Q: 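Dropping the structure in here first, questions after.
Fair warning: this is a prediction, and the values are worked out from it, not measured in the lab. Per chain, numbering begins at 1; letters A, B, ... match sequence-line order.
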Amino acid sequence: MDARHSRFVHLLLGLALPMGLLAPVVAHTASAEEMGLKLATEARDSKRGFGNFTASQVMVLRNKQGRESRRQIRVRVLEVPDDGDKSMFLFDEPRDVKGTAFLIHGHKQADDDQWLYLPALRRVKRISSANRSGSFMGSEFAYEDMSAQEVEKYTYSHLRDEPCANAASANAPLAQGLTCAVSERFPTDAKSGYSRQVVWQDRDASRLWKVEYYDRKGDHLKTLSFGQYQQYLDAFWHAHEMEMINHLTGKSTVLTWSDYQFRTDLDEGDFTQTGLRRIR
Amino acid sequence: MSGCRARLSAAAFAFVFACECLADAAVFGSFSRLDNAQRWQAWLTNQLALPARVVTVETGAGQIYRVISAVPGNEAAARAWVERAKDAGVQDAWYWADAPSATTERQDAEEVAHAKPEEPSEPEAMEPLGRSAPEPEQAPVAPAPPARQVAAEQSAEEPADQEDAAATPWIAYHEFTGSLGVESRWYPKSAAYPGQRSHAGGFVAEPELHLEDAAGHIFTFVPFFRYDAGDSERTHFDVREAYMLLFGDVGDNQWELRLGVDRVFWGVAESQNLVNIINQIDLIEHPNEKVRLGQPMAHLTWSGDWGALELFAMTYHRGLTYSGRRGRLRLPVVLDDDYATYESGAGKWNWDAAVRYSGSFGPLELGLSAFDGTSREPYPRLALSDEGAPVLAPHYVQIRQFGLDAQLIAGSWLFKLETIHRRGALNILGRDEDFAAFVFGTEYSFYSVFGTAIDVGLLTEWNYDDRRSRSTNRFQNDLFFGTRIGFNDVQNAELIGGVLTDLDHHSHFVYLEFNRRLLDRWTMHLDAVVLLNVGEEDFLYASRRDSYVELGLSYSF
């Protein structure tokens, strides 16, 4: 099917279907940079072919004092051959933003196209995608954490291999006993809020277990950890739980995924401005 | 995907015979060892009374064992099972839309038949979160008729099925949301005209009902009601929306038809939306002219990767809402919709037509529109009311308007343009005068200012109407400076403010809006409108003493 040839892994998928290392045999002569890029490229290729999916997210925001706030979001993603994926976020809670929707047409090279649907005025608004480092819905996830992780948008360096148990939390039994490749990646976009990220991916099935985010000053800003992996369509591994901890503020956000459905009847027409106005 | 999934309405028990390409399954777990899968199956069967069974699935890495429940073609049942499992704590249960038929064994039909009595068939009880996309027109329903045939044949053998079919509800999905609010508005300055109150308070309700039938037709009903203790004219009811929506695909293009009362937004600017002509302004709601009344129409959209072409046919013209005698923000004499007159012989039943093309070209959003019909803007004519008092009778002429709206994105900059040309309009002197008007502006956004989460947008817009002093609105030559501050906090606090300065008359229309969430479902807003230096020659002169502050509290459900 066409979708198999998609060269695009949406950023969401970057989280949900971690870009990983496809356990390739890399020539000993490859530099750390070449190896990192090769692994990332192969990981992307291995994630092609899901077609489309819908899922639900519950986002729990926790401040330093432990006070919680909840967001409920539905996600729809359409794989696009040869370009960035199209995705849609629909907000169900908090109730006052119910009906607000966010449409992204991702692009491999250019900036993404983004539209916001404001239900109060029934208005679709094209918005700038320049806001890479801003908070998504007040959470510890930045827009760039939620959007497409194009291979082209980073440079890479493979650091070492080590047991995944070093990185994964204790309640991720699947990770125990696996070997993880640890790589650095450096955003090429000057608008990114990060100077670098360190990524732990297992050699077994390219699952992501941890990402450390370093801010522009080089300080360790945030850590994202993954758990509750499930495999869908016998190919795609999705973490059902992601926790982002902000080390500077002490705040955290837990993102829980559920209700994955693959290869639904979604098509291009659902990811248009007309579709955005129609969506429920 | 080749969707030969039987929809909810189609007999849900069409079995594998009717639909051999797909099986709708609830998946409760995947195992690499058969004994683990069987233990899980036993637990599900015994504890949850789920018709669970184990199927073998071939993967690239070898065989795995999945514990599932499935009636191929019965999406509703699978989803209901998923829900039931989740309720019982099996959080990883999920709906498998296209389980390959190869995974289902031949005796499935028999197993399924046994499972039948337990099958919950109330799709409306499903969590909205879990439902799939509206898919009526896209899901080829062709296989459905044979499915019904099969069902009919089978029902002779299995009477129980017939009951299930009868119980299949017409409404496949519903959603009831909306908001209720209380508001209090205070005008600090004494009134300019006798009878005007200094306080307006009341409540507002805007519920929304959405229904979707089994074939995917969507019906939306959004009534609106405001009660205002200060001004009886501001107490008003409106049907914001009441429409039926159909949509589908033709090749690479999509069509959508909306029939009924609806709201349509066109435009890109902030200070005013010149091109936004489909719906009448509900001016009594807010002087910023953004709130609109529902408009009865037929609205057809044809879209593809080339953009969207929309056709509108509208009738039942809606009159501008306007303050009553006790209300503020009005002319010395009240504009009364009861005395409305129309240039068209058909009156408010004149058929108006509009067409719009819109498309995205990289960083550019472009809209071209044309409208032919009854103007939304009234020309006020002095008349006598039935009681012999002076009254302004709104007169609505026939106009033809062409509009263009465009927005260009360049990094953190937005460039916006709305421009119209209107024929057939009356100027302030009551004479025919064609005119052109535009609003051109920029918006620049600073993200995460000073290392905080706060975003600040700065807006500049120039409004111009080539009739200038003969213009019929307050945007004849006005400069707008505004800001939008998003705090990006848990309460979603937002501050919006702007100053519209009349370059001809040097008056200022200042507004400020602050919104934030208080509790999970409660939000508050604080609005202020301040009119400064409004001279006698200014369009807003009659409202010069009507600066106000409003506090509102809203509950969303």
Side-chain angles (χ1 to χ4, degrees), chain A residues 51 54 56 61 63 67 69-70 72 74 76 92-99 105 110-111 113 121-135 137-138 191 193 205 228 230-232 234-235 240 258-270 272-275 278-280, chain B residues 1 3 30 57-60 64 86 91-92 94-95 97-98 128-130 132-135 138-139 175 177 179 210 212 218 245 247 249 252 254 256 263-265 290 301 303 305 308 358 360 362 365 407 409 411-414 445 447-448 453 455 488-490 492 517 520-521 523 554 556-557:
Chain A
T54 68
S56 296
L61 283 53
N63 70 9
R67 262 187 65 183
S69 168
R70 210 177 114 96
Q72 206 159 296
R74 278 174 286 156
R76 297 170 183 188
D92 286 315
E93 283 180 17
R95 276 311 213 209
D96 58 291
V97 295
K98 160 92 186 153
H105 287 183
D111 286 344
D113 300 332
L121 297 175
R122 300 304 197 246
R123 176 176 185 177
V124 174
K125 207 171 173 178
R126 172 81 179 267
I127 57 174
S128 168
S129 57
N131 185 13
R132 306 281 296 141
S133 57
S135 158
M137 296 278 285
K191 294 188 287 278
Q228 302 291 318
Q230 271 258 275
Q231 194 181 26
Y232 294 98
D234 302 323
H240 283 234
S258 63
D259 301 283
Y260 276 105
Q261 292 168 31
F262 285 85
R263 296 180 188 163
T264 67
D265 293 328
L266 289 174
D267 64 15
E268 292 277 339
D270 295 300
T272 61
Q273 292 185 56
T274 309
R278 186 168 61 215
I279 219 75
R280 281 291 148 205
Chain B
M1 71 183 243
S30 304
V57 182
E58 287 297 333
T59 75
I64 63 163
K86 286 190 169 189
Q91 285 308 317
D92 289 327
W94 53 284
Y95 166 66
D98 66 342
L129 283 177
S132 69
E135 56 201 329
Q138 297 150 352
E175 190 178 282
T177 58
S179 63
H210 296 274
E212 198 177 319
I218 296 167
L245 189 158
F247 64 100
D249 292 350
D252 288 338
Q254 300 90 38
E256 182 189 277
R263 285 179 289 186
V264 173
F265 180 91
K290 288 190 194 298
T301 304
S303 60
D305 53 12
S358 56
S360 301
E365 294 284 314
Q407 179 182 283
I409 294 186
S412 298
W413 282 98
L414 301 183
S445 297
Y447 302 109
S448 310
D455 297 335
N488 279 319
D489 55 356
V490 171
N492 199 26
R517 192 177 302 123
D520 190 30
R521 296 187 165 214
T523 51
S554 177
S556 305
F557 58 94

Q: For Thr274(A) and Ala308(B), which heavy atoms make the closest approach, and how far apart are they?
A: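 Taking Thr274(A) first and Ala308(B) second, the nearest heavy atoms are OG1-CB, 4.3 Å.
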Q: Among Gly134(A), Gly275(A), Ala130(A), which has the most heavy-atom pairs under 4.5 Å with chain B?
A: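 Result: the option with the highest number of such pairs is Ala130(A).
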Q: Might you point out which heavy atoms bring Phe265(B) and Arg122(A) nearest each other, and give the distance in Å?
A: CB-O, 3.5 Å
Q: Would you check if Lys98(A) and Glu175(B) make a side-chain contact, meaning some heavy-atom pair closer than 4.5 Å?
A: yes
Q: Of the backbone (N, CA, C, O) and the side chain (C-beta and beyond), which part of Asp111(A) lies under 4.5 Å from a heavy atom of chain B, both, or neither?
A: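 For Asp111(A), no heavy atom lies under 4.5 Å from chain B.
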Q: Please report the interatomic distance CG(Asp249(B)) to CG(Asp270(A)), rounded to the nearest 0.5 Å.
A: 7.5 Å
Q: If I take atom OG from residue Ser412(B) and atom NZ from residue Lys191(A), how far apart are they, to the nearest 0.5 angstrom?
A: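 The distance works out to 7.0 Å.
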Q: Hey, does Gln230(A) have a side-chain heavy atom less than 4.5 Å from the side chain of Trp94(B)?
A: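 Counting from C-beta outward, Trp94(B) and Gln230(A) do come under 4.5 Å.
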Q: Could you check Asn492(B), Asp520(B), Val490(B) and say which one makes a side-chain contact (heavy atoms from CB on, under 4.5 Å) with Ser69(A)?
A: Val490(B)
Q: So, do Glu268(A) and Asp252(B) sit near enough that their side-chain heavy atoms are less than 4.5 Å apart?
A: no
Q: Okay, side chain of Glu365(B), backbone of Arg126(A): is any donor-acceptor separation there less than 3.5 Å?
A: no
Q: Checking Leu61(A) against chain B: side chain, backbone, both or neither under 4.5 Å from a heavy atom?
A: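 For Leu61(A), side-chain heavy atoms alone lie under 4.5 Å from chain B.
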Q: Side chain from CB out, backbone as N, CA, C, O: work out which of these in Arg517(B) comes under 4.5 Å of a heavy atom of chain A, or both, or neither.
A: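 Contact with chain A involves the side chain of Arg517(B) alone.
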Q: What's the separation between atom CD1 in Ile127(A) and atom CD1 in Ile409(B), rounded to the nearest 0.5 Å?
A: 8.0 Å
Q: Can you tell which part of Asp489(B) gets under 4.5 Å to a heavy atom of chain A, answering side chain, backbone, both or neither?
A: backbone
Q: Heavy-atom pairs under 4.5 Å with chain A - which of Arg263(B), His210(B), Gln407(B), Arg521(B) has more of them than the others?
A: His210(B)
Q: When heavy-atom pairs shorter than 4.5 Å are enumerated against chain B, which of Gly138(A), Gly99(A), Ser128(A) gives the highest number?
A: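 Ranked by contacts with chain B, first place is Ser128(A).
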Q: Could you state the interatomic distance from OG (Ser556(B)) to CD (Glu93(A)), rounded to the nearest 0.5 Å?
A: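 Reported value, rounded in 0.5 Å steps: 11.0 Å.
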Q: Would you say that Ser360(B) contacts His105(A) through its side chain, given a criterion of any heavy-atom pair below 4.5 Å between the two side chains?
A: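 In short, these two side chains do not touch, never coming nearer than 4.5 Å.
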